[in-house]
J.: 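Provided herewith is a single structure, encoded as structure tokens, for subsequent inquiry.
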Amino acid sequence: MTFRSHMQTALAEARAAAARGEVPVGAVVVSASGAVIAQAGNRTRETNDPTAHAEILAIREACRVAGAERLPDHDLYVTLEPCPMCAAAISFARIRRLYYGAADPKSGGVAQGPRVFSHPQAHHCPEVYDGIGAEEAARLLKAFFEARR
């Protein structure tokens with residue numbers, strides 16, 4: 001099977017989140033066949049829910065579509081390095097591969113901070129690929145926060 005990135009779809013979700021006044025992060029879950037089965041952008045402000053990160057919303061929808069609590073043959077694309085909460089959810093969901101864009105030195109939980117997947121208590125460690133679409137993802141985040149300062 002030929003690799004096909006779905007980061008552009010995640011970036012579109014991030015742009016839509018920014019348009020709603022949310023931190024511009026988007027996520028996409030892809031099945032083993034390569035089909036997008038769930039996509040989401042942040043909705044924490046809209047829903048008054050601190051757990052409504054793009055990754056969590058996309059994983060919830062993917063599990064609903066798959067009819068399962070785990071997604072071992074699925075991949076997740078997200079525009080920003082997942083935070084510790086989202087990294088733990090990725091581990092619990094048994095996501096096969098994680099592709100992310102921009103690094104998050106302040107709140108990341110994969111390559112920064114607690115490095116959730118490296119922890120001995122991690123239930124599962126996906127294959128991790130970083131830097132995909134990083135420049136555009138970083139530009140979206142920078143523009144969003146500059147507009148609010």
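This structure is a prediction, so every number in the text was calculated from the model and none was measured.
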J.: With clusters defined by side-chain heavy atoms of hydrophobic residues (ILVMFWY) lying less than 4.5 Å apart, directly or transitively, does Ile90 cluster with Leu57?
T.: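 Shared cluster, no.
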
J.: Could you tell me whether a side-chain N or O of Arg45 sits under 3.5 Å from a main-chain N or O of Gly21, the two making a donor and an acceptor?
T.: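 Side chain of Arg45 to backbone of Gly21, a donor-acceptor pair under 3.5 Å: yes, one is there.
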
J.: Under 3.5 Å, is there a donor-acceptor pair between the side chain of His119 and the main chain of Gln121?
T.: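 Pair found, side chain donor or acceptor close to backbone of Gln121.
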
J.: Under a 4.5 Å cut-off applied to non-hydrogen side-chain atoms, are Val29 and Leu76 in contact?
T.: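 Of all side-chain heavy-atom pairs linking Leu76 with Val29, at least one is under 4.5 Å.
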
J.: Return the minimal non-hydrogen interatomic distance between Ala18 and Pro24, and the atom names on each side.
T.: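 That closest heavy-atom pairing would be CB-CB, 3.8 Å.
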
J.: How long is the span from the OH atom in Tyr100 to the CG atom in Leu80, to the nearest 0.5 Å?
T.: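 If we round to the nearest 0.5 Å, Tyr100:OH and Leu80:CG are 9.0 Å apart.
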
J.: Do you reckon Met7 sits in the same ILVMFWY cluster as Leu140, going by side-chain contacts under 4.5 Å, direct or chained?
T.: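 Yes, it is one cluster - the side chains of Met7 and Leu140 are joined through contacts under 4.5 Å.
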
J.: Is there a side-chain contact between Ser31 and His74 in this structure, where contact means two heavy atoms from C-beta onward sitting under 4.5 Å apart?
T.: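 Ser31 reaches His74 side chain to side chain.
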
J.: Answer whether the closest heavy-atom distance between the side chains of Tyr77 and Val30 falls below 4.5 Å.
T.: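 Yes. Closest side-chain heavy atoms under 4.5 Å.
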
J.: Checking His124 side chain against Ile95 main chain: does a donor-acceptor pair fall under 3.5 Å?
T.: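 Looks like yes, one N/O pair under 3.5 Å.
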
J.: Give a yes or no on whether Val128 and Leu71 share a hydrophobic cluster (residues Ile, Leu, Val, Met, Phe, Trp, Tyr; joining criterion: side-chain heavy atoms under 4.5 Å apart).
T.: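 Val128 clusters together with Leu71.
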
J.: At their closest point, which heavy atom of Ala138 faces which heavy atom of Ala102, and how far apart are they?
T.: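 Nearest heavy atoms, Ala138 then Ala102: N-CB, 4.1 Å.
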
J.: Are the side chain of Glu22 and the backbone N or O of Gly41 linked by a donor-acceptor pair below 3.5 Å?
T.: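 Here the side-chain-to-backbone pair does not exist.
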
J.: Is it true that Tyr99 and Leu11 fall in one hydrophobic cluster, defined by side-chain heavy atoms closer than 4.5 Å?
T.: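 Yes: a chain of side-chain contacts under 4.5 Å links Tyr99 to Leu11.
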
J.: What's the shortest heavy-atom distance between Glu81 and Val110, and which atoms?
T.: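 For Glu81 versus Val110, the nearest heavy atoms are OE2-N, 3.0 Å.
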
J.: Measure across Gly101 and Ala134 and return the closest heavy-atom pair with its distance rounded to 0.1 Å.
T.: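 Minimum heavy-atom separation between Gly101 and Ala134: O-CB, 3.5 Å.
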
J.: Quick check: closest heavy atoms across Thr47 and Ala52, and the distance to 0.1 Å?
T.: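 Answer, listing the atom of Thr47 first, then Ala52: OG1-CB, 3.6 Å.
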
J.: To the nearest 0.5 Å, how far apart are CZ in Phe92 and CD1 in Ile59?
T.: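 These two atoms lie 11.0 Å from each other.
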
J.: Can you get from Ile56 to Ile37 by hopping between Ile, Leu, Val, Met, Phe, Trp and Tyr side chains that sit under 4.5 Å apart?
T.: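 No.
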
J.: So, taking the atom named CZ in Arg43 and the one named CZ in Arg20, what distance separates them when rounded to the nearest 0.5 Å?
T.: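 One finds 3.5 Å between CZ of Arg43 and CZ of Arg20.
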
J.: Hey, are the side chains of Gln39 and Glu61 touching, using non-hydrogen atoms and a 4.5 Å cut-off?
T.: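 No, their side chains stay 4.5 Å or more apart.
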
J.: First locate atom OG of Ser107, then atom CE of Met85, and finally report the distance between them rounded to the nearest 0.5 Å.
T.: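 These two atoms lie 11.0 Å from each other.
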
J.: Is there a donor-acceptor pair closer than 3.5 Å between any side-chain N or O of Asn42 and the backbone N or O of Val23?
T.: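 Yes, the answer is positive, given that a donor and an acceptor are paired below the 3.5 Å cut-off.
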
J.: Donor-acceptor pair, Glu13 side chain versus Ala27 backbone, under 3.5 Å?
T.: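 Such a contact is absent between Glu13 side chain and Ala27 backbone.
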
J.: Can you see which heavy atom on Ala122 is nearest to which on Phe117, and at what distance?
T.: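 Heavy atoms only, the tightest pair is CB-O, 4.0 Å.
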
J.: What distance separates Ser5 OG from Asp75 CG, expressed to the nearest 0.5 Å?
T.: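 Interatomic distance, Ser5 OG to Asp75 CG, rounded to 0.5 Å: 10.5 Å.
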
J.: Look up atom CD in Glu55 and atom OG1 in Thr79, then write down how far apart they are to the nearest 0.5 Å.
T.: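 Result: 7.5 Å between the selected atoms.
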
